[in-house]
Each structure stands twice: as C-alpha cells, then as structure tokens.
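A, B, ... follow the sequence lines: proteins, then strands. Residue 1 opens every chain.
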Amino acid sequence: NQALTRRYNSIFKRKEVCIKEW
Amino acid sequence: QSYEYDEGSETWPFFVLTMLFVVLVPLSISQIYRLFLDRSNATEYGDPEQEKVQKILEEVNDEFVTEDVRVFRQAYEKSARSNIWSKRNIVLIVGWALVAFLIQRIRENDAIVASATGLFDPYALLGVSPSATDRDIKSAYRKLSVKFHPDKLSKDLGGEERARIEEMYVQISKAYEALTDEITKANYLTYGHPDGPQTVSHGIALPSFLVDRVASPVVILIYAVMLSIVLPYFVTKWWSRTNSFTKKGIHVKTASHFVDRLANFKPSEIVTVDLIVNWLSNAEEFKIIFPNLTAADFEELIHDHIDRTNNSRLKDPKVRFRIVSKCHSLLHGLLDLACGVRNTEIANATLETFKCIVQAVPHTPYRQILQLPNVNKEKFLEGSVDEIYTLGKLFTYEDKEIGKILGIDDEHKLKKTLTVASHIPHLKLIKADFLVPGEPQVTPSSTPHISVKFLVRSAKQKIIPPEKFPESMLEEPQDFEFQKDPFSILESQPPMPYSYAPFFPTKRRNALCCLVALQKDGKLIQTPVVIDKLSLQNLNKDFDKRQVKDLDENFKPEEWSIGTIKIPLGQPAPAETGDAFFRVIIKSTDYFTSDLDFTMTMQVRE
Amino acid sequence: EISYDTNSKKLSSVGEPTEGLEIALGQVNTLTTALISETNPNFTPQPHEDVSKLIKNLFDSGLKNAQQNKFPEALKNVSLAIEMAQRKRAPWEAFAIQLKELQFMLRHKIDILLVLGRYLEALQDLDMLMNTGLIQPEVLIRKTDALLKLGQLDQARIECERGLTLQPQNAKLKALLMECTRKLADFNG
C-alpha cells in the first residue's frame with residue numbers, strides 16, 4: 001500500500017521532468 | 001657429483017644468448033607489427049567511396065575544431081604513436097647489441113670453435129655435399145681411400161705424418177660407413193658419431209667466479225633482492241592493476257557504483273541525461289586522474305562541455321578534455337551493466353547521453369539541428385514558423401531558406417553546414433528477420449539470429465520505399481561457408497570513418513549499438529552488440545529530395561548499398577511453437593539521427 | 001541512529017538518513033499513526049465501510065457529471081475520490097482491494113482527462129497504471145493517443161507497436177499506427 005502511495009505521489013515530479021524534457 | 005664450472009667460457013654465452021632471444025624475438029615481432037602492419041588507425045579502407053566520405057568529414061572537422069582541442073589531440077596522438085626513444089625501442093636496441101657482442105665473443109673463443117669442429121661431419125670428411133647421392137659418396141670414398149690408404153703411402157714420410165694420415169684414413173672409412181652401413185648409420189644418427197655414444201660432460205653454464213668465495217655473497221644478495229623485493233613488487237603491481245578493472249575496462253569501484261545506482265533505481269523516476277551525467281561524475285577513474293577534485297566538480301565539467309559553457313571554477317580546458325574523453329569507456333561500461341539488469345530506459349538514456357557528450361549538445365527537442373556547425377541558436381529558436389526538429393524536415397527547404405532558418409548569412413558557412421547535415425548517416429529499415437542458418441524457418445529450441453537489412457541514407461536524399469529493392473539484393477548466400485559463419489558478412493563492410501565531432505577531445509569513429517528487448521515485459525534480454533563496420537557510400541549519391549520528385553523507371557536500386565547487421569541472440573528459441581515479439585533498438589553513438597527502433601515477430605513453427 | 005519522540009509518537013533518524021532508511025521510517029510512522037487513531041479494537045484488513053461509502057459517493061457523482069458532459073466537475077470529483085482512497089484508507093487494508101479500486105478509478109479519470117485535452121496528466125496516470133502491471137491494449141491505445149497529442153511521435157509509435165504485439169488484429173491500434181507513421185513522415189520531412 002505504501003509503495004502504491006509513493007508511486008502515486010511521484011506523479012507531480014514526473015510531470016515536471018516531462019515538461020522540462022519536451 | 002662434482003660439477004664443472006664453465007672455466008673456458010664455452011657455454012655461458014649460449015645461455016645468455018638464449019635468454020636474450022626469448023625476450024627479443026617476440027618483442028621485435030610485436031614492434032614491427034605495431035609500426036608497419038597495425039591498421040586500426042587507418043584512414044585508407046581500400047574502399048574509395050568510404051574514403052570519400054571520410055575526406056569530406058575530416059575537412060569539415062578540421063575547420064571547426066577549436067585550438068584547445070587541436071592542441072589536446074596532437075598531444076594525445078603523439079603519446080599514442082610509438083616514439084623512437086620509447087622504452088621498448090631502447091630495450092630492443094640494447095638487446096640486439098648484446099646479441100651481436102655475444103656472437104662475436106663466441107666466434108673468437110677458441111675452445112668453443114674447437115669443440116664445434118670436433119663434431120663428426122661425414123659429409124665434410126668425404127668432401128661431398130649433404131645432398132650427395134650414394135654413387136657420389138662411393139666414388140668420393142674410393143678416390144680418398146686411394147689417396148690416404150696406409151699401403152699407398154710413400155716410405156719417406158715420418159712417423160708423425162704417417163700417424164696423421166692413418167688417422168685421416170680411419171676417419172674417412174668411418175665417414176663412409178656412417179653413410180652406408182646400417183648399424184654405423186644408426187649410431188651416427190642417434191649419437192652423432194659412428195662409434196656410438198661419445199663422452200658427455202655435464203657442467204654448469206656459468207663462469208666459476210660467480211660462485212667463488214669472493215663473488216658468491218654478491219650473487220646471493222642479488223638473488224635475495226630479486227626474489228623478495230623486485231619480483232613481489234612487479235607481481236603486486238600487475239595483479240592490482242588487473243584486478244582493478246572489469247572486463248569492459250572500467251574500474252571495479254565505478255562498476256559497483258553503477259550497479260548500486262541501477263539496483264536502487266525507482267521505476268517511478270524518469271531517466272534523464274542529467275541523471276546519467278550525475279552517475280558518471282562519481283566514477284573512480286576521475287578520482288584517480290584528479291584526486292583533488294570532487295564529484296560535483298566533475299559533474300559541472302561535463303555539463304560545461306555539453307552546454308558549451310565555461311562555468312566551472314576549473315578554467316584549464318585540459319581537465320575538461322580528459323574527463324570528457326574518459327566518458328566514452330564509462331558510458332560503454334554503464335550500457336553493459338544496464339543491459340545486465342535489463343533496464344531498457346537506462347540503456348536508452350545512456351546512449352542519448354553518449355550523443356550529447358560527443359556532439360556537445362544538450363538533450364533538447366532541437367538537438368538534431370543544434371549538432372550542426374554555424375547554427376545561430378537564438379535566431380533559429382525564435383524564427384521558425386513551421387516547427388523544424390529534424391534534419392529531414394530541414395532539407396525540405398531550399399538552401400537559401402535553410403540559411404535563413406538557421407541564421408547563417410555567410411554562403412561559405414552555409415555550405416559547410418549543409419555538407420555536415422547531408423553526411424550524417426540516417427538508417428532506413430528494409431527488412432528484419434530471425435534466421436536459422438540452413439533452415440527455412442525458426443524451429444523450437446533452435447538458435448536463430450537477427451538479420452537486419454537497411455539503407456544508409458542522408459537526410460537530404462529522397463526516401464526510397466523498401467519495396468523498391470528486389471529480393472535478390474536482400475538475400476544472403478546459402479552455401480556451406482555462410483552456414484558455418486553467418487556473421488562473416490559483417491566483416492566485408494569497411495570500418496566506419498572518423499565522425500564529425502569537433503568538440504570531442506579525441507578523434508573518434510561512429511558505432512551502432514544494438515539492443516534487443518522482449519515486448520512482453522519491455523525489458524532487455526542481452527548485452528549490447530556494437531557495430532563498427534558499415535559502408536556509408538550511399539551518402540555520396542546525389543538524390544536530393546527537393547529535385548527528385550518521383551521514383552521512375554530510371555531508378556536503379558542496384559546503385560544503392562544495402563547495409564547488414566547481424567545480432568546474435570543470447571538465448572535459444574522457445575521450446576513451444578507460437579509467436580514471440582521482440583523490440584530491436586539500433587542507435588548511433590555519435591549523431592542525433594533517425595535511429596532504428598522496431599518490433600519483430602519470431603514465428604516458431606515445427 | 002534512530003530517535004523516538006514520545007509526543008508525536010514518531011521515529012526519526014539522527015543525522016543524514018539513507019534513502020532506504022527514510023522510506024522505512026516513514027512507513028513505520030504511517031502505520032503507528034494509523035494504529036493509534038484506530039478506534040475499533042478488533043480491526044481487520046477489510047476496508048472500512050464508511051470510507052468506502054465516501055469514496056463511492058464521490059466517484060459516482062463524478063461519473064454522473066461525465067455523463068452530463070460536465071467534465072471539469074467530473075474530474076474534480078473523481079480526483080477527490082482517488083485522494084480519499086489514498087489518504088483515508090488504513091495502510092493495513094487489503095492491498096489487492098486497494099489496487100483494484102485505484103486502477104478502476106484511474107481508468108475513468110484518464111478518459112476524462114483525455115476528453116479535457118489534459119494529455120500530460122493523462123500520460124502520468126497511464127504510466128502509473130502500467131507500473132501496477134496493467135499492460136493491456138486499452139491502456140496502450142490511450143497512451144499512444146496521449147503521446148501523439150503531446151508531439152512525442154517516436155514514443156507513440158513504440159507504445160502502439162507494443163499494443164499490437166498483445167493484440168495484432170486490434171483495429172484501433174492499427175489505425176493509430178498508421179497515424180503515427182504519417183505524422184512521423186511529416187516530422188522527418
């Protein structure tokens with residue numbers, strides 16, 4: 001459950017990386 | 001029980017001579033090979049088309065290389081080439097001089113000469129050549145025995161003279177028997193003398209002064225120093241050097257750092273070039289070269305190189321060049337490890353980082369354009385109406401338009417830029433199959449390999465659809481030689497020429513890295529296959545897409561060279577019939593170009 | 001070294017923790033906090049009824065909004081439902097149920113996001129679905145679509161080809177592949 005939560009919470013950071021890359 | 005020492009200096013010169021030959025002969029052979037036969041730095045490939053591409057790229061490269069890089073490259077090439085006064089050459093010169101001295105000494109030594117002449121040579125005694133026939137031997141004997149027969153001698157000869165001649169006669173008879181009589185011949189062949197085994201003396205091939213009371217402590221001291229200090233020192237040094245580096249050539253500490261990063265890598269993290277550069281900056285190799293600098297320094301230096309800035313506090317360009325040139329082997333090592341942990345995203349990012357470092361271009365969407373020389377970045381980024389990200393798109397415009405798009409006013413500069421742009425190889429897939437040599441299809445548990453047929457083309461050239469190439473151009477020989485070694489076809493392609501990479505500290509050649517992944521789980525299944533032989537002759541062809549509108553009857557596919565890549569599979573085909581899907585990635589290490597990334601179906605049938 | 005604060009009932013590390021230690025401490029603290037605030041002495045892995053009801057209500061109103069083409073509101077409600085599921089559920093509740101619930105809600109959220117043209121967010125949720133093991137043609141269809149709309153043509157083609165390996169005759173994927181090829185041809189001049 002915690003791993004799932006951590007993965008869910010990383011979405012914001014991933015969005016930022018995508019914006020910077022693309 | 002009692003050993004004789006070599007008082008007359010008869011044997012120790014041979015001993016020393018043998019030791020010298022053991023060292024000098026292999027060393028000489030390897031040095032000759034290195035100086036005259038080593039082709040790895042060749043710029044001649046025996047392939048005029050490839051040399052043409054090489055020449056064009058070299059010219060452009062030379063124009064854009066900065067002075068710092070030029071100086072660095074010269075220093076690097078000088079140290080790589082063998083110096084006249086290198087250690088190897090000095091050893092060779094001194095060694096062969098010693099050999100000459102020893103040979104001279106041997107020839108002047110009467111004792112040696114005497115024992116050499118004491119050898120029994122029946123051919124010399126009879127005065128015939130070693131290849132004489134039996135008839136010649138018989139006639140020579142008859143003549144000599146007549147001359148030297150005791151009964152035929154003159155009565156006036158003195159006792160000594162008579163004894164000598166009798167001895168001569170005995171020798172001649174023995175010589176004749178040694179060559180004709182079976183038993184005597186056997187004796188001669190086995191023992192070197194027709195009478196059977198002669199006296200044999202055993203001794204120590206060293207002069208006695210070495211073991212005399214005066215010199216022996218010195219000899220013992222030398223032994224002690226050699227065994228307890230010199231030998232352990234060299235063995236330890238060699239062992240720690242061998243142990244410090246992995247098979248791929250990176251330091252074990254660097255490898256374990258990479259493995260640590262790979263093992264702890266969170267799937268939620270997106271892999272970027274910055275991340276790979278961060279991992280690289282902790283390499284042990286950097287710490288060895290520059291013990292006073294930190295990982296943060298190295299990271300900044302690499303970023304400075306990629307962004308073509310000079311923000312680091314270390315202003316000496318040589319520091320940056322050494323770090324950047326080391327990245328080549330580090331990235332290959334990381335790629336290998338990433339394939340080992342089956343991480344496709346990291347392997348891909350490693351190859352992208354490779355390109356960024358070689359071309360000194362950051363990983364922006366415009367990287368294909370920014371790798372070109374003379375591009376005015378600001379003008380280009382603000383200017384384009386139509387979004388241009390690729391070289392292919394750039395070449396849909398006329399040359400003058402391109403000059404405006406890239407912000408290049410000077411016609412000469414524009415020409416150079418267009419030369420580079422049209423000589424960056426792009427790959428177009430024609431056909432990809434799983435092949436089992438000798439079989440028409442892939443059977444369960446067989447060992448197929450991947451055969452990729454593609455066209456090397458320039459972004460300027462019109463696209464040729466794969467259907468235009470007849471099967472005859474794509475098929476491979478089915479003879480026994482091919483079945484024995486299907487990969488031999490790769491060797492017939494010339495080595496890749498030096499790349500256009502004016503910012504990279506050393507001259508380098510392009511390579512294609514081939515990765516294979518399973519589509520089911522998206523993970524890599526084997527280590528990368530690196531291809532460094534490919535014909536780029538298609539780049540010389542004038543097939544401008546702005547002029548050639550249609551592929552008409554005049555189109556001759558035979559004029560184009562089809563490239564082949566063969567990728568061995570690390571595992572056999574599945575044991576059951578069915579379909580298996582693979583993703584094949586073929587990326588260039590040096591250029592931002594259209595790499596190949598496609599899906600293949602393995603149809604396993606009985 | 002680890003220290004324990006009797007007031008907040010939480011563990012923390014003395015000095016700079018490694019990433020692994022940080023995660024472990026976080027998990028222990030989460031579990032402790034949830035256990036302390038649990039009122040039922042006989043708690044089980046079964047999901048709490050009132051929390052489930054709350055989530056279901058929010059989600060259903062979101063779906064209703066979508067049916068009425070009120071997509072911004074739909075998104076708000078569905079997102080809220082997912083937030084509730086992440087925050088209000090006790091960490092010891094059955095993982096399989098939590099996962100299924102999240103996957104179900106995410107799929108609807110993705111569709112709403114795609115309609116609203118918020119492709120980057122849809123892509124992140126799609127990646128999350130794939131990370132939880134849901135590798136299916138329907139997911140790959142949406143991922144291809146989102147990537148195309150974001151201009152990531154190479155990546156779109158790769159995902160589309162992967163979808164076709166799962167279902168080689170899928171019409172939508174075949175159509176998407178043609179669109180990828182066409183757009184890439186133009187992209188490369």
Side-chain angles (χ1 to χ4, degrees), chain B residues 260-261 263-270 344-345 348 352 365 368-369 386-397 402 421 426-428 457-463 465 517-523 545-546 579-585 587 593-603, chain C residues 17-24 26 86 102 120-121 123-137 139-140 143-144 147-170 173-174 176-177 180-189:
Chain B
D260 180 69
R261 301 279 97 233
N264 290 318
F265 182 70
K266 294 196 287 274
S268 64
E269 199 172 347
I270 296 185
T344 318
E345 288 73 37
N348 257 329
E352 290 295 311
Q368 274 199 35
I369 308 292
D386 194 9
E387 287 293 302
I388 300 173
Y389 297 99
T390 60
L391 294 173
K393 189 76 173 175
L394 191 69
F395 274 113
T396 55
Y397 295 90
I402 296 178
H426 289 247
L427 304 181
K428 169 108 184 100
R457 54 175 282 273
S458 154
K460 192 169 158 186
Q461 290 164 342
K462 184 166 175 58
I463 282 269
L518 215 53
Q519 277 288 31
K520 200 160 69 166
D521 57 7
K523 294 192 201 274
K545 62 181 163 196
R546 298 169 290 191
D579 288 348
F581 299 96
F582 295 82
R583 176 182 170 196
V584 177
I585 304 170
K587 279 178 117 94
T593 167
S594 47
D595 296 317
L596 294 177
D597 192 335
F598 55 93
T599 305
M600 286 178 74
T601 314
M602 184 195 280
Q603 294 182 316
Chain C
T18 62
E19 203 170 4
L21 181 63
E22 221 179 311
I23 291 176
Q86 287 293 298
L102 181 64
L120 189 56
E121 291 168 58
L123 183 66
Q124 300 313 318
D125 288 342
L126 282 160
D127 272 336
M128 169 117 199
L129 271 188
M130 287 185 73
N131 268 161
T132 61
L134 208 64
I135 304 182
Q136 292 171 355
V139 177
L140 288 163
K143 202 167 168 197
T144 308
L147 285 164
L148 275 175
K149 299 270 176 24
L150 287 167
Q152 300 302 309
L153 308 176
D154 279 314
Q155 200 58 34
R157 184 182 56 84
I158 290 167
E159 302 293 339
C160 192
E161 283 185 6
R162 190 162 182 207
L164 279 166
T165 66
L166 299 170
Q167 234 178 52
Q169 298 310 315
N170 188 309
L173 282 170
K174 286 205 238 181
L176 277 171
L177 185 64
C180 287
T181 316
R182 199 178 43 80
K183 284 206 162 120
L184 274 167
D186 180 58
F187 182 72
N188 284 304

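Judged purely by atom type and a 3.5 angstrom limit, C/Glu159 has no side-chain atom pairing as donor or acceptor with the backbone of C/Lys143. Looking only at distances, a side-chain donor or acceptor of B/Gln461 sits under 3.5 Å from a matching main-chain atom of B/Ser458. A donor-acceptor pair under 3.5 Å links the side-chain atoms of B/Lys545 to the main chain of C/Gly189, judged by distance alone. At distances below 3.5 Å, at least one donor-acceptor pair connects side-chain atoms of B/Gln368 with backbone N or O atoms of B/Leu391. No donor-acceptor pair under 3.5 Å is formed between the side chain of C/Arg157 and the backbone N or O of C/Thr181.
Each of C/Ile135, C/Asn131, C/Ile158 has some count of heavy-atom pairs under 4.5 Å with chain B, and the biggest count is that of C/Ile158. Most heavy-atom pairs under 4.5 Å with chain C: of the set B/Gly522, B/Ala580, B/Ser268, B/Ala459, this distinction falls to B/Gly522.
In this structure, chain C has a heavy atom under 4.5 Å from the backbone of B/Asp521, while its side chain stays farther away. Proximity to chain C involves both the backbone and the side chain of B/Thr599, based on heavy atoms less than 4.5 angstrom apart. Proximity to chain C is absent for every atom of B/Lys462, based on heavy atoms less than 4.5 angstrom apart. With a 4.5 Å cut-off on non-hydrogen atoms, C/Asp127 does not touch chain B at all.
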